[in-house]
Amino acid sequence: MTNSRILKVTGGLNFRELGGYPTVDGRTVKWHKLVRSAGLNKLTAADQDNIANYGVVADVDFRSQDERTQAPDKVPTGATYHFLPVFPDGDETDASASQADLERRFSSDDTAGYEHMLDVYRNMVTLETAQQAYHEFLATLLANEQPDQAVLFHCTAGKDRTGIGAFLTLSALGVDPQVIRRDYLLTNENVTPVVDKMLAKAQAAGKGDAFAANIRALSTVNPDYFDTAMKVINTQYGGVQDYLRDVLDFSRKDVEALKELYLD
């Protein structure tokens, strides 16, 4: 089976392999062990089978209860489903807002979406629900002990909650921080065509420039978002390795076990 960063999925978006990334000590992340993606609610039957054949045995869902109810996962064939919501029920940072709510909140101030996303990234590393979700996610990764079996993790767009999940995992594995950053920003290459269609539709409906600017801010990733989370981790928790150990209860022994499972 050939190795590819971007996975072709008919009924999905932003499906990406984390294999092949180099660590600072000269090792590489194994292929067919870690897959990140957007929602699984539109997978075709063929997609479900193909993802299963790819080796996915665990489906980790970071979405809220509302998102799960509105668009339940089509779990890959034979995979175990893990519901690990990053945000608490009713938190406005989830992605289940209605169109009317979006228009109400983001049609006047053209920086509102950007500022909102900075808050989202702060919350993703400080909220107790987020910390619990990422703790359980790392435990799920440790339980994936068989060769050529993968954990797939996702949210709705596969960019924010999933992006932090990828950051924490790759950081634990010792991947170079700049490589992790590039992986985070790779989302924009996958979602930009979809976002452009959304903006064209909004423009045709006369929604205005402020709404368009905010929709782009809400629907893409930005180095500033990533840096905001990193600043909180560095200033409040002493850095990502301390955050993993002290906040997510992921010990040095756990880190070494993760490396044995996921690195060549």
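Here, residue 1 is the first one in the sequence, and each next residue gets the next number. Excluded from the calculations below are hydrogen atoms, water molecules and symmetry mates; all remaining heavy atoms, backbone and side chain alike, are included.
The side-chain heavy atoms of Arg122 and Asp119, taken from C-beta on, include a pair separated by under 4.5 Å. You'll find the side chain of Leu40 reaches within 4.5 Å of the side chain of His154, heavy atoms only. The closest side-chain heavy-atom distance from Val75 to Thr80 is not below 4.5 Å. Here the side chains of Arg5 and Tyr21 are in contact, with some heavy-atom distance below 4.5 Å. Using a 4.5 Å cut-off on side-chain heavy atoms (C-beta onward), Leu138 and Asp254 make no contact. Counting only heavy atoms from C-beta outward, the side chains of Cys155 and Asp160 never approach each other to under 4.5 Å.
In this structure, a donor-acceptor pair under 3.5 Å is present between the side chains of Arg16 and Thr187. For the residue pair Asn14/Ser37, the side-chain donor-acceptor check at 3.5 Å is not satisfied. No side-chain donor-acceptor contact under 3.5 Å links Gln132 and Glu128. No side-chain donor-acceptor contact under 3.5 Å links Asn222 and Tyr114.
Pairs passing the ring pair (Phe, Tyr, Trp, His ring centres under 6.0 Å) check and including a residue from residues 57-81, sequence neighbours excluded, read Phe62-Tyr134, Phe62-Phe137. The side chain to side chain donor-acceptor pair (under 3.5 Å) analysis of residues 255-264, with sequence neighbours excluded, yields the pairs Asn144-Tyr262. Here ring pair (Phe, Tyr, Trp, His ring centres under 6.0 Å) pairs that include residues 173-194, with residues two or more places apart or in two chains, are Tyr184-Phe226.
Contact detail for Leu173 and Thr23: the closest heavy-atom pair is O-CG2, 3.4 Å. Across all non-hydrogen atoms, the minimal contact from Ile164 to Ala229 is CD1-CB, 4.0 Å. Residues Ala172 and Leu258 approach most closely at CB-CD2, 3.8 Å, considering heavy atoms.
Hydrophobic cluster membership differs between Val151 and Trp31, with clusters built from Ile, Leu, Val, Met, Phe, Trp and Tyr side chains linked at under 4.5 angstrom. Val57 and Val35 fall into different hydrophobic clusters, where Ile, Leu, Val, Met, Phe, Trp and Tyr are joined by side-chain heavy atoms under 4.5 Å apart, directly or via other members. Taken together through direct or relayed side-chain contacts under 4.5 Å among Ile, Leu, Val, Met, Phe, Trp and Tyr, Leu142 and Phe153 form part of one hydrophobic cluster. Both Val221 and Val232 belong to a common hydrophobic cluster when Ile, Leu, Val, Met, Phe, Trp and Tyr are linked at side-chain heavy-atom distances under 4.5 angstrom. One hydrophobic cluster, built from ILVMFWY side chains closer than 4.5 Å, holds both Met124 and Leu218.
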Requested in this report: Please lay out, stage by stage, how Ser64 and Asp66 fare under the test side-chain hydrogen bond (donor to acceptor under 3.5 Å, both in side chains).
Outcome: CA-CA 5 Å; Ser64 67; Asp66 282 349; 5.3 Å; no

Report task. Apply side chain to side chain contact (heavy atoms under 4.5 Å, CB included) to the pair Leu170 and Val29, showing each step before the final yes or no. Result -> CA-CA 8 Å; Leu170 295 176; Val29 179; 4.2 Å; yes

Query - Glu145 vs Leu261, side chain to side chain contact (heavy atoms under 4.5 Å, CB included): CA-CA, chis, key distance, verdict - result: CA-CA 6 Å; Glu145 297 178 335; Leu261 291 173; 4.2 Å; yes

Query raised in the report: When you look at Glu17 and Lys30, which way does the salt bridge (charged side-chain N to carboxylate O under 4.0 Å, His left out) test go after all the steps?
Result: CA-CA 10 Å; Glu17 249 281 359; Lys30 291 178 180 178; over 6 Å; no

Requested in this report: Just do the side chain to side chain contact (heavy atoms under 4.5 Å, CB included) check on Leu13 and Val191 with the steps written out, would you?
Outcome: CA-CA 8 Å; Leu13 179 70; Val191 303; 4.1 Å; yes

Report task. Check the pair Arg68, Asp61 against side chain to side chain contact (heavy atoms under 4.5 Å, CB included), reporting the backbone distance first and the verdict last. Result -> CA-CA 8 Å; Arg68 181 169 77 153; Asp61 185 354; 4.2 Å; yes

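Partners of Arg181 according to the side-chain hydrogen bond (donor to acceptor under 3.5 Å, both in side chains) rule, which considers only residues two or more places apart in sequence or in another chain, are Asp227. Residues passing the side-chain hydrogen bond (donor to acceptor under 3.5 Å, both in side chains) test with Thr69, sequence neighbours excluded: Gln65. With sequence neighbours left out, Asp176 forms a side-chain contact (heavy atoms from CB on, under 4.5 Å) with Val24, Gln178, Val179. Listed by chain and residue number, nothing satisfies the side-chain hydrogen bond (donor to acceptor under 3.5 Å, both in side chains) test with Thr126 (two or more places apart in sequence, or in another chain). Listed by chain and residue number, Pro88, Leu127 satisfy the side-chain contact (heavy atoms from CB on, under 4.5 Å) test with Thr129 (two or more places apart in sequence, or in another chain). For the side-chain contact (heavy atoms from CB on, under 4.5 Å) test, residues two or more places apart in sequence or in another chain that qualify with Asp47 are Val9, Thr10, Leu43, Thr44. Partners of Ser219 by side-chain contact (heavy atoms from CB on, under 4.5 Å), not counting sequence neighbours, listed by chain and number: Val195, Met198, Ile215. Here Gln48 pairs with nothing under the side-chain hydrogen bond (donor to acceptor under 3.5 Å, both in side chains) rule; sequence neighbours left out.
To the nearest 0.5 Å, atom CG of residue Leu141 and atom CG of residue Leu34 are 6.0 Å apart. The line from CZ of Phe87 to CD of Glu67 is 9.0 Å long, rounded to the nearest 0.5 Å. The distance from atom CG of Asn188 to atom CG of Leu186, rounded to the nearest 0.5 Å, is 9.0 Å. Taking CG of Asp249 as the start and NE2 of His135 as the end, the distance is 5.5 Å to the nearest 0.5 Å. With values rounded to the nearest 0.5 angstrom, Leu118 atom CG is found 4.5 Å from Thr228 atom OG1. Expressed to the nearest 0.5 Å, how far NZ of Lys159 lies from CE of Met117 amounts to 4.0 Å.
Note: His32 and Tyr54 meet the aromatic proximity criterion, with ring centroids under 6.0 Å apart.
Phe83 does not carry Arg63 over the face of its six-membered ring by the limits of under 6.0 Å from the centre and within 45° of the normal.
For the pair Asn214 (side chain) and Gly113 (backbone), a donor-acceptor distance under 3.5 Å is present. Lys33 places a side-chain N or O within donor-acceptor distance of the main-chain N or O of Gln149, the cut-off being under 3.5 Å.
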Enumerate, atom names and distances included, each donor-acceptor pair closer than 3.5 Å involving a side-chain atom of residues 239-247, sequence neighbours excluded.
from	atom 1	to	atom 2	distance (Å)
Gln241	NE2	Ser171	O	3.1
Asp242	OD1	Arg245	NH1	3.4
Asp242	OD1	Arg245	NH2	3.1
Tyr243	OH	Val125	O	2.8

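One finds a salt bridge joining Arg36 and Asp183 here, because a Lys/Arg side-chain nitrogen approaches an Asp/Glu carboxylate oxygen to under 4.0 Å.
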